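Working notes, beginning with the structure itself.
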Amino acid sequence: MHKKIENYIKKIKSLEIQGARKIAKAALKCFEIQVKTSEAKKSEELYAELIELADLLAEARPTEPMLRNTLRQVLATFDSKLDINRSKENFLKNINEFFKLNEQNLQKIAHFGSQLIGDEFVVLTHCHSNTVIAILKNAYDIGKKFKVICTETRPRGQGYITAKELSEHGIDVTLIVDSAISMYAKKVDIAIVGADAITVTGDLINKIGTRLVAEISKAYSIPFYSAAELYKYDPITRYGVMENIEYRSIKEIIGNKKVKYKVENPAFDVTPNEYIKGYITEKGLISPQVLMLATNNFLVENPF
Ligand code: RUB
């Protein structure tokens with residue numbers, strides 16, 4: 001395997017590259033490197049290399065349908081009937097189209113999401129979602145005045161990245177520990193989180209602690225939204241297969257300490273659809289109740 005690909009996989013596993021969107025983009029980058037550096041003499045050989053690489057990338061972060069959907073879709077455009085040079089050229093062009101699509105969808109979500117933020121709003125967010133960040137930056141850029149409260153997000157502290165990025169953009173942001181959410185709930189007007197996966201029933205899988213944010217939002221009548229490209233939808237859930245929740249190393253919690261009790265570190269949780277007012281997608285706002293229809297269309301439009 002090419003050193004650069006090895007590096008990308010390491011970074012995806014260690015969370016140096018994090019957030020579903022960036023993970024999917026990094027995986028596409030690996031495909032690009034593989035095509036450019038492959039010594040395959042025939043298109044079929046290159047295709048086999050890409051399939052093998054797709055499996056490795058998917059295993060690097062098991063709870064990431066956007067990664068799997070993106071790779072599956074781009075692979076479906078590989079034309080092994082062409083000679084090796086033409087199939088490479090063609091495939092690199094298609095990868096590039098996917099990069100563009102990713103960026104266009106982000107801009108659309110940023111546009112739709114920023115409409116939900118009223119003047120003087122307090123926005124609550126959890127973890128670090130590049131999509132939520134894009135919404136908040138866009139809201140700020142179009143002149144909305146609002147404040148953000150973001151949770152630290154134990155155990156890896158992705159909330160620090162959120163706080164840093166937003167404050168560097170000029171947004172008024174306050175970082176709190178996860179367990180302090182209820183103390184601030186009365187001040188909050190809207191909660192917006194990202195998404196790692198959306199199931200066929202419209203349930204949301206996102207960073208551990210998201211469900212708590214949703215439950216508190218419900219208790220305080222705060223509208224709770226998830227900013228999610230439809231690529232986060234996991235088609236396997238159509239067949240009753242549950243999205244696989246990644247359990248990460250307990251070192252993320254206790255470091256190298258030797259302890260005599262059990263420690264567990266689930267990285268994601270499931271927020272049932274009844275907590276979610278809507279998904280902010282590239283097609284606009286979609287309630288979890290109608291998401292199933294939308295995803296069915298999505299399946300028809302796109303060759304999974
Ligand atoms: C990040 C996380 C984000 C989603 C969406 O988890 O849960 O909310 O991935 O991110 P991790 P994005 O830090 O474990 O990757 O909006 O960037 O796709």
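Here the structure is a predicted model, which means the values were calculated and not measured. Both counts, for ligands and for their atoms, begin at 1 and track the order of listing.
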What is the nearest protein non-hydrogen atom to atom 17 (O) of ligand 1, stated with its residue, atom name and distance? N130 ND2, 2.6 Å
Considering only the protein, which heavy-atom contact is closest to atom 16 (O) of ligand 1, and what is its distance? T131 OG1, 2.5 Å
I want to know if ligand 1 touches E64 in the polar sense, i.e. an N/O pair below 3.5 angstrom. no
Give the atom numbers and elements of ligand 1 that come within less than 4.0 Å of a heavy atom of D196. 2 (C), 3 (C), 4 (C), 7 (O), 9 (O)
Identify the residue among V193, I276, I190 that makes a side-chain contact (heavy atoms from CB on, under 4.5 Å) with Y225. I190
Is it the case that over 12 heavy atoms from other parts of the model lie below 6.0 angstrom from the NZ atom of K4? no
Residues D83 and K42 bridged, charged N to O under 4.0 Å: no
Have a look at ligand 1 and work out which part of Q158, if any, has a heavy atom under 4.0 Å from it: side chain, backbone, both or neither. side chain
Sub-4.0 Å heavy-atom contact, K22 with ligand 1: no
Check whether any N or O atom of A227, backbone or side chain, sits under 3.5 Å from an N or O atom of ligand 1, and answer yes or no. no
Does K277 NZ have over 12 foreign heavy atoms under 6.0 Å away? no
Flag the pair F78 / Y47 as yes when their ring centroid distance falls below 6.0 Å, and as no otherwise. yes
Would one find more than 12 heavy atoms of other residues, nucleotides or ligands at under 6.0 Å from atom NZ of K147? no
Mind checking whether N206 has a heavy atom under 4.0 Å from ligand 1? yes
Under 6.0 Å from the CD atom of E6, do we count more than 12 heavy atoms belonging to anything else shown? yes
For the pair F146 and Y140, name the ring-plane relationship: parallel under 30°, tilted 30 to 60°, perpendicular over 60°. perpendicular
Polar proximity ligand 1 side, C127 side, N/O cut 3.5 Å exclusive: no
Atom 5 (C) of ligand 1 [closest protein heavy-atom partner, distance rounded to 0.1 Å]: A195 O, 3.2 Å
Does H126 come within less than 4.0 angstrom of ligand 1, counting non-hydrogen atoms of the residue? no
Distance filter under 4.0 Å to R61 heavy atoms, resulting ligand 1 atoms: 11 (P), 14 (O), 15 (O)
Does K232 reach ligand 1 with a nitrogen or oxygen that is under 3.5 Å from one of the ligand's nitrogen or oxygen atoms? yes
Cation-pi, F224 ring and K218 (6.0 angstrom, 45 degrees): no
Atom 13 (O) of ligand 1 [closest protein heavy-atom partner, distance rounded to 0.1 Å]: Q18 NE2, 2.6 Å
For atom 6 (O) of ligand 1, what is the nearest protein heavy atom, given as residue, atom name and distance? K207 CE, 3.3 Å
Using heavy-atom distances only, which candidate in G194, A20, A134 approaches atom 10 (O) of ligand 1 most closely? A20
Determine whether L67 and I245 fall in the same hydrophobic cluster, where Ile, Leu, Val, Met, Phe, Trp and Tyr are linked whenever their side-chain heavy atoms lie under 4.5 Å apart. no
